[in-house]
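Residue numbers start from 1 in every chain, and the chains themselves are labelled A, B, ... in the order their sequence lines are given, proteins ahead of strands. Atoms considered below: every heavy atom in the structure, side chains included; atoms not considered: hydrogens, waters and symmetry mates.
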Protein chains: 2
Amino acid sequence: MEENQALKLLGALSQETRLRIVRYLVQCGAQGASAGDVGNQVGAASSRASFHLSTLENAGAISSERQSRNIVYRADLKNLGNMMSFLLNDCCNGHPDIRACCGFEDGCC
Amino acid sequence: MEENQALKLLGALSQETRLRIVRYLVQCGAQGASAGDVGNQVGAASSRASFHLSTLENAGAISSERQSRNIVYRADLKNLGNMMSFLLNDCCNGHPDIRACCGFEDGCC
DNA sequence: TCCATATTACAATATCTCTTGAAATGTTGA
DNA sequence: TCAACATTTCAAGAGATATTGTAATATGGA
């Protein structure tokens with residue numbers, strides 16, 4: 001992943017409502033959730049939910065697909081994983097202490 | 001790590017200059033680097049570097065310590081790792097596809 | 001003490017982001 | 001076609017953030 005896209009993703013996730021949207025969509029899995037459903041879950045008015053969903057989609061954190069009258073959103077696991085890989089490996093050189101904090105190796109935390 | 005601190009860290013990292021500062025400080029390791037050194041490395045004027053360094057320190061991404069006339073900054077590996085653990089485990093439920101993207105398991109990427 | 005260096009704090013401006021409500025668009029079923 | 005529902009777009013104001021240059025503070029050495 002390029003630095004630019006990682007920055008967009010980090011910016012998109014650094015907002016309370018959007019972080020909760022992503023968390024909810026990860027839980028929903030491949031089934032996804034409609035915009036209205038997402039808005040209800042995170043307590044956001046429809047226009048606000050729409051705004052945050054388009055920000056997340058533009059950053060590559062989620063994807064969308066129309067299903068009849070609903071638009072179904074899903075977490076983009078690949079991009080989210082690539083962003084974390086960028087942070088972990090490109091940015092932090094795969095530093096053992098940081099990897100350990102993620103629960104992958106014995107270590108600092 | 002609590003959601004609030006994770007949001008602060010994500011916001012701090014979602015800025016080009018600051019991401020580069022963290023990347024440079026991770027490379028510097030325990031030795032750290034002075035504010036002037038950091039500013040030169042990322043091509044930022046002193047007041048700008050100071051502003052970004054204090055933002056990063058406030059978010060917990062880095063720490064500082066005065067050494068004679070310099071102030072030495074170091075990456076806070078523990079907090080950075082905890083933030084990634086928060087994203088990976090709390091937020092994304094340790095989803096296998098995302099973990100795989102980070103190079104810890106066989107999988108999607 | 002004084003000077004030189006390193007760092008931070010301040011003020012002003014410009015730019016971006018969040019939020020809200022209303023209007024517009026698109027879709028379904030009758 | 002129409003009515004009902006889901007979603008997006010738009011406009012406006014409030015607030016946060018980035019940038020720059022300048023001034024202020026702190027430290028070390030003479």
Side-chain angles (χ1 to χ4, degrees), chain A residues 3-25 28 31-76, chain B residues 3-25 28 31-76:
Chain A
E3 185 184 85
N4 263 354
Q5 199 187 347
L7 284 169
K8 275 171 69 176
L9 259 170
L10 286 167
L13 295 179
S14 68
Q15 209 275 340
E16 187 176 2
T17 302
R18 288 198 293 265
L19 187 61
R20 288 186 183 159
I21 288 176
V22 170
R23 195 198 299 235
Y24 177 59
L25 288 179
C28 290
Q31 179 186 342
S34 69
D37 185 12
V38 169
N40 288 336
Q41 277 291 329
V42 304
S46 66
S47 69
R48 199 166 129 207
S50 173
F51 168 73
H52 287 309
L53 285 167
S54 67
T55 300
L56 285 168
E57 184 169 20
N58 182 260
I62 64 177
S63 63
S64 68
E65 179 195 4
R66 180 171 281 278
Q67 279 187 0
S68 86
R69 82 173 53 179
N70 292 330
I71 294 188
V72 172
Y73 289 92
R74 298 185 185 86
D76 189 325
Chain B
E3 185 183 84
N4 263 353
Q5 199 187 346
L7 285 169
K8 276 172 70 177
L9 260 170
L10 286 167
L13 294 179
S14 69
Q15 207 277 340
E16 188 176 3
T17 302
R18 287 198 292 265
L19 188 61
R20 288 185 183 161
I21 289 176
V22 170
R23 195 200 297 236
Y24 176 61
L25 288 179
C28 290
Q31 179 186 341
S34 70
D37 184 13
V38 169
N40 288 336
Q41 277 290 329
V42 303
S46 64
S47 68
R48 199 166 130 209
S50 171
F51 169 73
H52 286 310
L53 284 167
S54 66
T55 300
L56 285 168
E57 184 169 19
N58 182 259
I62 63 176
S63 63
S64 68
E65 178 194 4
R66 182 172 278 278
Q67 280 186 359
S68 86
R69 83 171 52 179
N70 291 330
I71 293 186
V72 173
Y73 289 92
R74 298 185 184 85
D76 189 325

Starting at [atom1] of [X] and ending at [atom2] of [N], how long is that distance when rounded to a whole Å?
{"X": "A/Gln15", "N": "D/dT17", "atom1": "CD", "atom2": "C1'", "value": "14 Å"}
{"X": "B/Asn40", "N": "C/dA6", "atom1": "CG", "atom2": "P", "value": "10 Å"}
{"X": "B/Leu7", "N": "C/dC18", "atom1": "CG", "atom2": "P", "value": "12 Å"}
{"X": "B/Gln67", "N": "C/dA6", "atom1": "CD", "atom2": "C1'", "value": "14 Å"}
{"X": "A/Arg69", "N": "D/dT8", "atom1": "CZ", "atom2": "P", "value": "15 Å"}
{"X": "A/Glu65", "N": "D/dA6", "atom1": "CD", "atom2": "C1'", "value": "16 Å"}
{"X": "A/Phe51", "N": "D/dT8", "atom1": "CZ", "atom2": "C1'", "value": "13 Å"}
{"X": "B/Arg66", "N": "C/dT7", "atom1": "CZ", "atom2": "C1'", "value": "7 Å"}

Expected output: side-chain B/Arg18 to main-chain B/Arg20 donor-acceptor under 3.5 Å: no
Short side-chain to backbone donor-acceptor contact, B/Ser50 and B/Ser46, under 3.5 Å: no
Using every non-hydrogen atom in the two residues, find where [X] and [Y] come nearest and quote the distance to one decimal.
{"X": "B/Leu9", "Y": "B/Gly60", "answer": "CD2-C, 4.3 Å"}
{"X": "B/Ser14", "Y": "A/Leu7", "answer": "C-CD2, 3.7 Å"}
{"X": "A/Leu25", "Y": "A/Tyr73", "answer": "CD2-O, 3.5 Å"}

DNA chain D: 5'-proximal contact among A/Ser54 and A/Asn70 (nearest heavy atom): A/Asn70
Phosphate-side-chain proximity, [X] and [N], N/O vs OP1/OP2 below 4.0 Å:
{"X": "A/Tyr73", "N": "D/dT8", "value": "yes"}
{"X": "A/Arg48", "N": "C/dT19", "value": "yes"}
{"X": "A/Arg18", "N": "C/dC18", "value": "yes"}

Sugar-phosphate only, base, or nothing, as touched by A/Ser47 at under 4.0 Å among non-hydrogen atoms: base
Sugar-phosphate only, base, or nothing, as touched by B/Ser46 at under 4.0 Å among non-hydrogen atoms: base
Side chain of B/His52 - closest among D/dT19, D/dG28, D/dT8: D/dT19
Toward the 5' end of DNA chain C, by each residue's nearest nucleotide, A/Gly11 or B/Ala35: B/Ala35
